[in-house]
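Side-chain atoms are counted along with the backbone in the values below, which use heavy atoms only and exclude waters and symmetry mates.
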Amino acid sequence: MIYAFLKKLNKLRVVFWLGVVVLGVVALGIQVQARLREAAANVASLAQMEEIRYPVTALVIEPVVWESWRSYYGQTKAARTQDVTSYVREMVQSVHVQVGDAVKRGDTVVTLLKTDHAVRAQASQTSYEEARLSYNRLLELSKQGGVPQADVDRAYVLMRAAEANAQSSRSTLQRTELKSSIDGVVAARYVEPGEVAEAGRSLVSIVDPSDMEAQLMVSKRDINNIGRDTPVELFIDEVVSRGQVKRLSPEAQAGSGLYPVVVGLAPNSGARPGTYLEGRFLVDRKEGVFVIPSDVVMYRGDRKFVYVVRDDKAGMVEISTGEGRDGRIVVTSGLSAGDQLIVSGNRSLFDGALISKSDLSNP
């Protein structure tokens with residue numbers, strides 16, 4: 001009985017362990033299947049990720065003309081001016097103009113006291129008349145042999161000297177009427193009636209506002225690129241007009257080291273004397289240059305990169321750049337004509353990324 005019971009117990013043990021083994025195999029198989037399904041899902045996910053395409057906009061690179069303009073500043077002034085001055089030291093009798101008055105060429109603007117000059121002119125004229133009569137009388141007598149020729153010659157010399165003195169006195173008298181030599185506007189009045197006008201002292205200043213110019217101070221790096229034919233844009237109170245280079249100084253001003261360049265203003269510029277302005281000179285012009293938007297350039301240290309279209313992928317290209325302005329920059333190396341530059345959507349890209357491209361015309 002005991003033997004039979006033990007035998008039966010051993011069989012039960014064998015069955016139990018066989019069950020445990022079977023259950024372990026089944027559990028292992030379930031885990032393997034789960035891992036396989038997970039791996040398959042990962043593979044499918046990776047395949048799906050590889051199919052992601054980044055939407056971008058591309059611009060076809062074409063050579064263009066690049067112009068370099070440089071700005072300098074100055075102040076307007078009248079090209080034609082006159083400082084009315086006195087020829088002699090004399091008292092001012094009257095001033096005929098006020099600041100802002102329009103004058104014509106030949107108008108009298110200041111009158112000096114002329115009494116003494118009129119007396120001198122009359123006396124000089126009388127002396128000349130007497131010398132002329134004396135010469136004519138001696139000339140008639142010489143024809144009759146009454147006087148020697150030397151006396152006639154001496155009388156002629158005295159007559160010519162008296163004539164010159166009379167002309168000088170008349171000229172001095174005329175110069176008491178100080179006149180405008182240009183059409184213009186009175187810009188300043190420095191004298192009043194009763195004051196003494198010193199010889200050479202400015203009494204009235206006249207300017208011609210129809211002929212304006214500006215002096216701009218240009219740096220050494222640009223002066224050699226500016227000539228009489230250089231295009232100039234002038235900005236006065238946000239109004240743009242064309243100017244023309246009239247004169248260039250070959251010598252820099254002491255202290256600043258800048259070169260004066262005088263630019264003529266267009267008649268319709270609206271500038272008045274003393275107006276401050278900005279002048280932009282075309283200092284360089286290059287053809288066949290590649291220009292791109294500056295915001296598409298990415299930086300890694302000192303290196304610069306952009307993305308271009310390569311088939312249906314994005315390709316990273318290292319570039320070198322030159323001058324830039326107004327959101328555009330010159331590319332000196334790295335790009336070629338016909339390259340499709342990615343100008344939007346590039347911040348999310350990586351080298352070799354699949355892209356979905358739309359084109360943008362070159363501005």
(message) What I want to find out is whether Lys286 reaches Asp284 closely enough, with some N-O distance under 4.0 Å, to be called a salt bridge.
(response) yes
So, the side chain of [X] versus the backbone of [Y]: is there a donor-acceptor pair under 3.5 Å, distance only?
X      : Y      : result
Thr230 : Leu282 : no
Asp222 : Ser219 : no
Ser180 : Ile182 : yes
Gln340 : Val309 : no

I'd like to check [X] versus [Y] (side-chain heavy atoms, cut-off strictly below 4.5 Å). Are they in contact?
X      : Y      : answer
Glu233 : Trp69  : yes
Thr81  : Asp208 : no
Val289 : Val65  : no
Ile355 : Pro55  : no

(request) Compute both the distance and the angle, then confirm whether Arg325 meets the cation-pi test with Trp66: under 6.0 Å from the six-membered ring centre, within 45 degrees of the axis. (result) yes
(message) Under 6.0 Å from the ring centre and within 45 degrees of the ring axis: does the NZ or CZ of Arg300 meet both conditions for the six-membered ring of Phe305?
(response) yes
(request) Begin from the C-alpha positions of Glu287 and Arg285 and carry the test salt bridge (charged side-chain N to carboxylate O under 4.0 Å, His left out) through to its verdict. (result) CA-CA 7 Å; Glu287 296 184 0; Arg285 188 177 188 273; 3.0 Å; yes
